[in-house]
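The block underneath contains the structure these notes are about, expressed in structure tokens.
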Amino acid sequence: MKNFLRSIFFLFLSLGCYSQHEQITNNWKTESILSKENGIINYHVYKNEIDKIKPVLLFLDGSGNFPLYFLKSNGKYSTSTTLNFKKLSNSFHIALISKPGIPFVDTIKLTESGRKYYPTNDTYKKYYSLNWRVNAGDLVINDILRKFKTDTSKIIVWGHSEGSQVAPAIAVKNSKVTHVISMMGNSLNQLYDFIINKRISAEKGKITNRQAQSNIDSLFIEYEKIYKDPESITKEWFGETYYKWSSFTLTSPIENMLKLDIPILYVAGGADNNQNIINMDYARLEFLRKGKTNLTYKVFPNYDHYFLETKKDSSGKSEWIDHLDEVNQFSINWINQND
């Protein structure tokens, strides 16, 4: 009897999760592209006014093997995206691309420390790389232009975090792209951030210079292993395959940015603990050195990786202020000002 009741409980739990998943997927039209080189590419277009002629906005989420939407074990669902799709879909065809082998929406687990966890799979390990994301973005843009009523005067690729590295690379590959927005992502080698962080920790007195150097020497040992076996999908470092790390670092984002003459918006947060702004500042300097004027570098000094600002109230208690809508509206205004 106890086993029977347990089975009934999990049945209703599964139905409840499915129902919540369905609430999300009902807002999106999913299309699939079968590519010999890239496997199955699933992308999703927001249904609001989907038959209307609109510009295209392809949004690229950050790193990790998480579904674009996920139901947490605490019963709340969240997303790895940072846009108000319902609002923006009045003006744009909004498109998202699922990571290879990862469903659009699924339930994830939270560890005891509160970190998200989702099991990896062989398809993700085989394909996930800068190469896959760029090829997928290129194919999706072309497929949207074939299947939907589009205004090709604006085709925007907008990336956040690791997606910000992908955005300029897609624009280099697909000449139909008219605007690039890269938010909270490095301009130099992604692996350089780990080195910068150790140097800063030493500068702040959190570790000694000797400890920092020892840690950095250890990083270089790992980096050497990655570059000696850059296509390995069985060897991993920091939770991702050597193939992933090498593909994202053999060409740096700044190299792709400099190849473009279309408008680029590059957004940084001065209080970003996920992406060191020192790595990002270099892009502005390099564009000045090259005499290129198509980069807008906007820094929000007090915002973190997710556009939150931490302030203390009168009692000294910290509170978060969400500036996501403000940053996104700044970006939309920038698009309209840079036709």
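Atom set for the values below is all heavy atoms of this structure, side chains included, hydrogens, waters and symmetry mates excluded.
Within the model, atoms OH of Tyr242 and CD1 of Ile233 stand 14.0 Å from one another, a figure rounded to the nearest 0.5 Å.
A donor-acceptor distance shorter than 3.5 angstrom exists from the side chain of Asn279 to the backbone of Ser187, with no hydrogens or angles considered. Remark: side-chain polar atoms of Lys292 are paired, donor with acceptor, to backbone N or O of Leu260 under 3.5 angstrom. Lys54 places a side-chain N or O within 3.5 Å of a backbone atom of Ser89 that can act as its donor or acceptor partner.
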Apply the test ring-ring contact (aromatic ring centres under 6.0 Å, His included) to residues Trp237 and Tyr223: give CA-CA distance (whole Å), side-chain angles for both, the deciding distance (0.1 Å), then the verdict. CA-CA 9 Å; Trp237 180 76; Tyr223 297 167; 5.7 Å; yes
Verify salt bridge (charged side-chain N to carboxylate O under 4.0 Å, His left out) between Lys225 and Asp229, making sure each step is shown before the conclusion. CA-CA 6 Å; Lys225 293 177 183 176; Asp229 198 0; over 6 Å; no
Residues Leu219, Asp217; criterion side chain to side chain contact (heavy atoms under 4.5 Å, CB included); working and verdict: CA-CA 5 Å; Leu219 286 173; Asp217 288 342; over 6 Å; no
Apply salt bridge (charged side-chain N to carboxylate O under 4.0 Å, His left out) to the pair Arg199 and Glu203, showing each step before the final yes or no. CA-CA 6 Å; Arg199 295 297 186 199; Glu203 183 68 22; over 6 Å; no
CA sep, side-chain torsions, deciding dist, call: Ile141, Ile170, side chain to side chain contact (heavy atoms under 4.5 Å, CB included): CA-CA 10 Å; Ile141 289 171; Ile170 290 175; 3.9 Å; yes
Begin with the C-alpha distance, continue with both residues' side-chain angles, and end with the deciding distance and a verdict on ring-ring contact (aromatic ring centres under 6.0 Å, His included) for His160 and Phe307. CA-CA 11 Å; His160 176 257; Phe307 318 108; 5.6 Å; yes
Please determine whether salt bridge (charged side-chain N to carboxylate O under 4.0 Å, His left out) holds for the pair Lys317 and Glu319, giving the CA-CA distance in whole Å, both sets of side-chain angles, and the decisive distance to 0.1 Å. CA-CA 7 Å; Lys317 183 179 179 181; Glu319 60 177 348; over 6 Å; no
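A salt bridge is absent between Lys149 and Asp51: the closest approach of a Lys/Arg side-chain nitrogen to an acidic carboxylate oxygen does not fall below 4.0 angstrom. For the pair Arg133 and Asp61, the salt-bridge criterion is met [side-chain N within less than 4.0 Å of a carboxylate O]. Using a cutoff of 4.0 Å between basic side-chain nitrogens and carboxylate oxygens, Lys259 and Glu255 are not scored as salt-bridged. We find that Lys244 and Glu162 are joined by a salt bridge, their nearest charged nitrogen and carboxylate oxygen being less than 4.0 Å apart. In summary, Glu286 and Arg284 do not engage in a salt bridge, as defined by a charged side-chain N under 4.0 Å from a carboxylate O.
Between Glu240 and Tyr124 there is a side-chain heavy-atom pair separated by less than 4.5 Å. In this structure the side chain of Lys125 reaches within 4.5 angstrom of the side chain of Thr120, judged on heavy atoms. Residues Phe70 and Thr107 have side chains not in contact (no heavy-atom distance under 4.5 Å, counting atoms from C-beta outward).
Heavy atoms from other residues, nucleotides or ligands lying under 6.0 Å from CD of Gln329 number more than 12.
For the pair Lys126 and Tyr128, the NZ or CZ position fails the cation-pi test of under 6.0 Å to the six-membered ring centre and within 45 degrees of the ring normal. Seen from the ring of Phe66, Lys116 counts as a face-on cation partner, given the 6.0 Å and 45° thresholds.
The aromatic rings of Tyr46 and Trp28 sit perpendicular, their planes meeting at an angle over 60°, well past the 30° parallel limit.
Each of Leu68, Val105, Ile97 was evaluated against His44; a single residue qualifies, Leu68, per the side-chain contact (heavy atoms from CB on, under 4.5 Å) test.
When every heavy atom of Trp334 is checked against every heavy atom of Ile264, the shortest pair comes out as CZ2-C, 3.4 Å.
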